[in-house]
*Asks:* 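Structure below; questions to follow.
Along the sequence shown, residues carry numbers from 1.
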Amino acid sequence: MCGIVGYVGKKDCSEVLVDALRKLEYRGYDSAGIAVFEDGKIKVAKEKGRLDDLVEKMKREGVPCGHIGVGHTRWATHGVPSATNSHPHAGGDKVTLVHNGIIENYKELKEQLISLGRVFKSETDTEVVAQLLDYNYEGDPIAAIKKTLAQVEGSFALGILFADRQGELYAVRRESPLIVGVGEDETFIASDVPAIIKYTNQYYLLEHDEIALLSENGVSFCDLEGDKIEKELKVADWNQEAAEKGGYEHYMLKEIHEQPTAVKTTITPRISHKLPCLEECGVTAETLKDINQIYIVACGTAMHAGMVGKYVIEKLARVPVVVDIASEFRYREPLINEGDLVIIISQSGETADSLAAMRLAKKMGAKTLAIVNAKGSSIAREADMLIYTHAGPEIAVASTKAYMVQISVMYLLGFLFALAKGKIDEAECMRLTEILTSVPEYLEKTINDVDKDCEDISKHLLEADSLLYIGRGLDYALSMEGSLKLKEISYIHSEAYAAGELKHGTISLITEGMPVIAVATQVSLLDKTISNIKEVKARGAVVILVCDKEIQVDCDVADYIIRIDKIEECLMPMLAAVPLQLLAYYTSVHRGNDVDKPRNLAKSVTVE
Ligand code: AGP
């Protein structure tokens, strides 16, 4: 999972490449590089670290100057982050390329190439493709690409410069995403739309094993046989502002504030005559009526959205739901029966494990329903049914608004399921749907209400080595996400625990001063949760309680209380998510971390 870009046009290529790479740094940021045709030669600049380190290096050593080139921002998989392992990689004199993905058979290929006398500079799988392509190239780029693709296994998107084809940039993909942007007198390749949105909102989606040729004559497409392909031009419905920070200090904060709009944009078109309506997404009451087993498969935050879905669907529709981590699901020989529903949730739509899990489910005869944010992504394209979330681009690695829209869809589905199964009547479904439509307003208010408290309280978390999140029912499902949010950006260890389970072992971790974040929004479970809070308090924990404004709690139950508005009990996670996001955000800020690009992570995990 890296970001690749390419440019052919009249502008200063290095400037465009660096600018485009900045929008892709969420895909990886441990090294970066560009290659540009300069006076008939390919000039490469690459450096370990952030894009700014590359920019500094180019200031010192010279910026490649030209109008055609490729660029790369890396999240290391094969070989440590270093200038040598950074892309672009040259395969010899003839080929220089950038790569996103994994070459699975790189070891075998490398051995073969070494036996042919080829010498490798880096530890990367990418250099193997570069060397192989260079070896296969005899003046015909398409023939060389075809021959090379027949030998490599894995996932890849490649941007390729052939040294003797100075006016041309080639691109090809298998599995990994790649778009080809078309502006006025200029063309681009990119791993994702935000990279090019400043220049154009028009683009083509490159499909598996399709080749794009970009030159001053524009762009053309062909298959591996060289046969021309006509493709449909797409128009991105994002603008540049949507992909930039808009005055906020960090993308994460901006995205937290975008949640009310994101939820509104996601649910409004899916409500008709006051009832959830997902027919346009291929989901009808008829389809749902016959489903007796649901699996929700996803990774990270998306999986946590699935946990909320499980509680909601099981409670309202009385259909069993198994939530599975995609990387476990795909290898544990899941017991899927024909007709089961497998729901895949993914912001990026490109997460390798989630995609593979979905393919497996399809193969086993399940109906697949994808809930995806990135339009035209692989998961979106391959699912039987598809509900797009309309969060807009999410740039911060820590997911916030994508989670919020994912759970809003879980509610729509839960209400519809319950109606289809006859577990609630139309009037009840309308009542719940109406409350869901009021959530954006409540969200707006909650963000403003709790922001200051969260910033203040976060200061008490800064020195913690470890902390616990506890809750019951939906509060426990939400706690999982709260805990992940905190650890990924603050680097403080935390764990989410079902409050009632603590006394079976984990309570022994509680020591004087250890912070415990208790979520208690489920009024029906309140007394039990309060008892569990008292258990940790009695053992010295510093308790931060998230609860609604109407709950009466004794003043000695918690050290700090964050109050949110009270709405329908089952919808409370949508509001309670906000303080958990803001606590994580401010803790990260106060610890001086890079909030939007936490260490070791990348936004889109397109490798296993
Ligand atoms: C959460 O903040 C993370 N960025 C991560 O857990 C993410 O949700 C996970 O990698 C799944 O990504 P996806 O939604 O794009 O499939």
*Asks:* Could you work out, with salt bridge (charged side-chain N to carboxylate O under 4.0 Å, His left out) as the rule, every residue matching Lys264, not counting sequence neighbours?
*Replies:* none
*Asks:* For Arg431, what residues pass the side chain to side chain contact (heavy atoms under 4.5 Å, CB included) criterion, not counting sequence neighbours?
*Replies:*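 Side chain to side chain contact (heavy atoms under 4.5 Å, CB included) list for Arg431, sorted by chain: Glu428, Ile435, Glu568.
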*Asks:* Under 4.5 Å between any side-chain heavy atoms of Lys503 and Asn532, yes or no?
*Replies:*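 Side-chain contact under 4.5 Å: yes.
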*Asks:* Report yes if some heavy atom in the side chain of Asp449 is under 4.5 Å from a heavy atom in the side chain of Asp565; otherwise report no.
*Replies:*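 Yes, at least one pair of side-chain atoms sits under 4.5 Å.
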*Asks:* Side-chain contact, heavy-atom cut-off 4.5 Å: Ile562 with Tyr560?
*Replies:* no
*Asks:* With a 4.5 Å heavy-atom cut-off, do Ser483 and Ile517 have their side chains touching?
*Replies:* no
*Asks:* Between Glu175 and Arg359, does any NZ, NE, NH1 or NH2 come within less than 4.0 Å of an OD or OE carboxylate oxygen?
*Replies:* yes
*Asks:* Going by distance alone, is a donor N or O of one side chain under 3.5 Å from an acceptor N or O of the other, for Thr587 and Ser458?
*Replies:*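 Thr587 vs Ser458: no donor-acceptor pair found between side chains.
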*Asks:* Quick check on Tyr442: does its OH atom have over 12 non-hydrogen neighbours (other residues, nucleotides or ligands) under 6.0 Å away?
*Replies:* no
*Asks:* How are the rings of His87 and His72 set relative to one another: parallel (under 30°), tilted (30 to 60°) or perpendicular (over 60°)?
*Replies:*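 Ring orientation of His87 relative to His72: parallel.
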*Asks:* Tell me, yes or no, whether the heavy-atom count around Lys459 atom NZ, taken from other residues, nucleotides or ligands under 6.0 Å, exceeds 12.
*Replies:* yes
*Asks:* Any salt bridge (charged side-chain N to carboxylate O under 4.0 Å, His left out) involving residues 482-502? Give me the pairs, sequence neighbours left out, ordered by first then second residue.
*Replies:*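 Passing the test, one end in residues 482-502: Glu481-Lys485, Lys485-Glu488.
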*Asks:* Quick one: does Val578's side chain get under 4.5 Å of Gln259's, heavy atoms only?
*Replies:* yes
*Asks:* With a 4.5 Å heavy-atom cut-off, do Glu25 and Leu21 have their side chains touching?
*Replies:*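 No, their side chains stay 4.5 Å or more apart.
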*Asks:* Scan residues 510-523 for pairs that pass side chain to side chain donor-acceptor pair (under 3.5 Å), counting only residues two or more places apart or in two chains.
*Replies:*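 Listed by first then second residue: Asp475-Thr521.
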*Asks:* Just checking, Arg591 and Tyr491: is the charged tip under 6.0 Å from the six-membered ring centre and within 45° of the axis?
*Replies:* no
*Asks:* Between Arg599 and Asp30, does at least one N-O distance fall below 4.0 Å, as a salt bridge requires?
*Replies:* no
*Asks:* Can you run down the side chain to side chain donor-acceptor pair (under 3.5 Å) pairs that involve residues 312-329, sequence neighbours left out, and say none if there aren't any?
*Replies:* Lys310-Glu314, Asp324-Arg332
*Asks:* Have Tyr586 and Asp456 got a donor and an acceptor in their side chains that come within less than 3.5 Å?
*Replies:*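 Absent: no donor and acceptor within the cut-off.
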*Asks:* Relative to each other, are the rings of Phe415 and Tyr411 parallel, tilted or perpendicular (30° and 60° limits)?
*Replies:* tilted
*Asks:* I'd like to check the side chain to side chain contact (heavy atoms under 4.5 Å, CB included) partners of Glu434; sequence neighbours left out, ordered by chain and number.
*Replies:* Thr437
